[in-house]
Amino acid sequence: MMTNPFQPTSDLTEDRGVYADFAVRRRSAFLYRVIDFERPFKGQLVYTGWWFRQAVYIDGHPAWFRISWTKIHTSIAFQLPESINPQQNLGQLEIDFTRALTIRRFRIWIDSKIVYDEIH
């Protein structure tokens with residue numbers, strides 16, 4: 001029986017964990033993450049999706065937010081604050097949810113490079 005090599009896998013049990021060379025997850029909860037970075041910037045990123053308001057904060061500075069009454073955004077583009085990164089690099093956060101809205105995968109990209117990847 002032939003299998004499709006391009007078929008996405010639905011079983012991530014073998015790949016569970018946090019993958020980051022220069023980042024550490026400090027706290028995680030339902031729709032909430034706190035991650036400390038050493039590179040490509042030194043600072044802390046906070047994602048929160050509580051109370052119908054999704055937001056990304058970097059060292060306490062708001063980098064992105066949306067009111068999410070009917071839709072939880074799974075792809076978030078933000079800009080690093082100039083005080084943290086003078087080049088103002090672009091960042092992207094991708095979230096995959098389970099049916100119960102728990103986070104299954106949480107990835108952070110800075111300038112098209114994955115700097116944090118968490119799989120549950």
Tell me whether [X] is salt-bridged to [Y], with the criterion being a basic N under 4.0 Å from an acidic carboxylate O.
{"X": "Arg107", "Y": "Glu118", "result": "no"}
{"X": "Asp36", "Y": "Arg26", "result": "yes"}
{"X": "Asp117", "Y": "Arg105", "result": "yes"}

- Query: How would you list all residue pairs meeting salt bridge (Lys or Arg N to Asp or Glu O under 4.0 Å) that involve residues 77-91, not counting sequence neighbours?
  - Reply: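 Matches after skipping sequence neighbours: none remain.
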Can you confirm whether [X] sits close enough to [Y] that some side-chain heavy atom of one is under 4.5 Å from a side-chain heavy atom of the other?
{"X": "Val115", "Y": "Pro40", "answer": "yes"}
{"X": "Val56", "Y": "Val46", "answer": "no"}
{"X": "Leu45", "Y": "Val34", "answer": "no"}
{"X": "Leu93", "Y": "Phe106", "answer": "yes"}

In Å, rounded to the nearest 0.5 Å, how long is the span from [atom1] of [X] to [atom2] of [Y]?
{"X": "His73", "Y": "Ile67", "atom1": "NE2", "atom2": "CD1", "answer": "9.5 Å"}
{"X": "Leu90", "Y": "Ser112", "atom1": "CG", "atom2": "OG", "answer": "8.0 Å"}
{"X": "Phe22", "Y": "Lys42", "atom1": "CZ", "atom2": "NZ", "answer": "12.0 Å"}
{"X": "Ile103", "Y": "Ile95", "atom1": "CD1", "atom2": "CD1", "answer": "5.5 Å"}
{"X": "Thr48", "Y": "Tyr32", "atom1": "OG1", "atom2": "OH", "answer": "6.5 Å"}
{"X": "His61", "Y": "Gln44", "atom1": "NE2", "atom2": "CD", "answer": "13.0 Å"}

Where is the tightest heavy-atom contact between [X] and [Y], given as atom of each residue plus distance?
{"X": "Phe78", "Y": "Leu80", "answer": "CE1-CD2, 3.9 Å"}
{"X": "Thr98", "Y": "Arg104", "answer": "CG2-CB, 4.0 Å"}
{"X": "Ala63", "Y": "Gln79", "answer": "CB-O, 4.0 Å"}
{"X": "Leu31", "Y": "Phe97", "answer": "CD2-CE2, 3.4 Å"}
{"X": "Tyr116", "Y": "Ala20", "answer": "CD1-CB, 3.8 Å"}
{"X": "Phe41", "Y": "Ile58", "answer": "CE1-CG2, 3.9 Å"}

_Does Arg53 have more than 12 heavy atoms from other residues, nucleotides or ligands lying within 6.0 Å of its CZ?_
yes
ask   = How about Phe52: does its CZ atom have over 12 heavy atoms from other parts shown lying under 6.0 Å from it?
value = no
Notebook entry, point to check: With the 4.5 Å side-chain cut-off for hydrophobic clustering, are Ile72 and Trp51 part of the same group?
Noted result: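 Yes; Trp51 is reachable from Ile72 via cluster members.
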When hydrophobic residues are tied together by side-chain contacts of less than 4.5 Å, even through go-betweens, does Trp109 share a cluster with Ile35?
-> no
Partner of Phe37 under side-chain contact (heavy atoms from CB on, under 4.5 Å), picked from Ile108, Ile110, Val24, is Ile108
Is it the case that Gln92 and Ser75 place a side-chain donor and acceptor less than 3.5 Å from each other?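 Their side chains do contain a donor-acceptor pair, which is all the 3.5 Å distance test asks for.
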Margin query: Between Trp50 and Phe30 (side chain of the first, backbone of the second, donor and acceptor by atom type, cut-off under 3.5 Å), is there such a pair?
Written below: yes
Quiz prompt | Worked verdict on Tyr47 versus Gln54 for side chain to side chain donor-acceptor pair (under 3.5 Å) | solution = CA-CA 7 Å; Tyr47 165 79; Gln54 285 183 276; 2.9 Å; yes
Candidate pair Ile119 and Tyr19, rule side-chain contact (heavy atoms from CB on, under 4.5 Å), full reasoning
CA-CA 8 Å; Ile119 304 169; Tyr19 303 96; 4.2 Å; yes
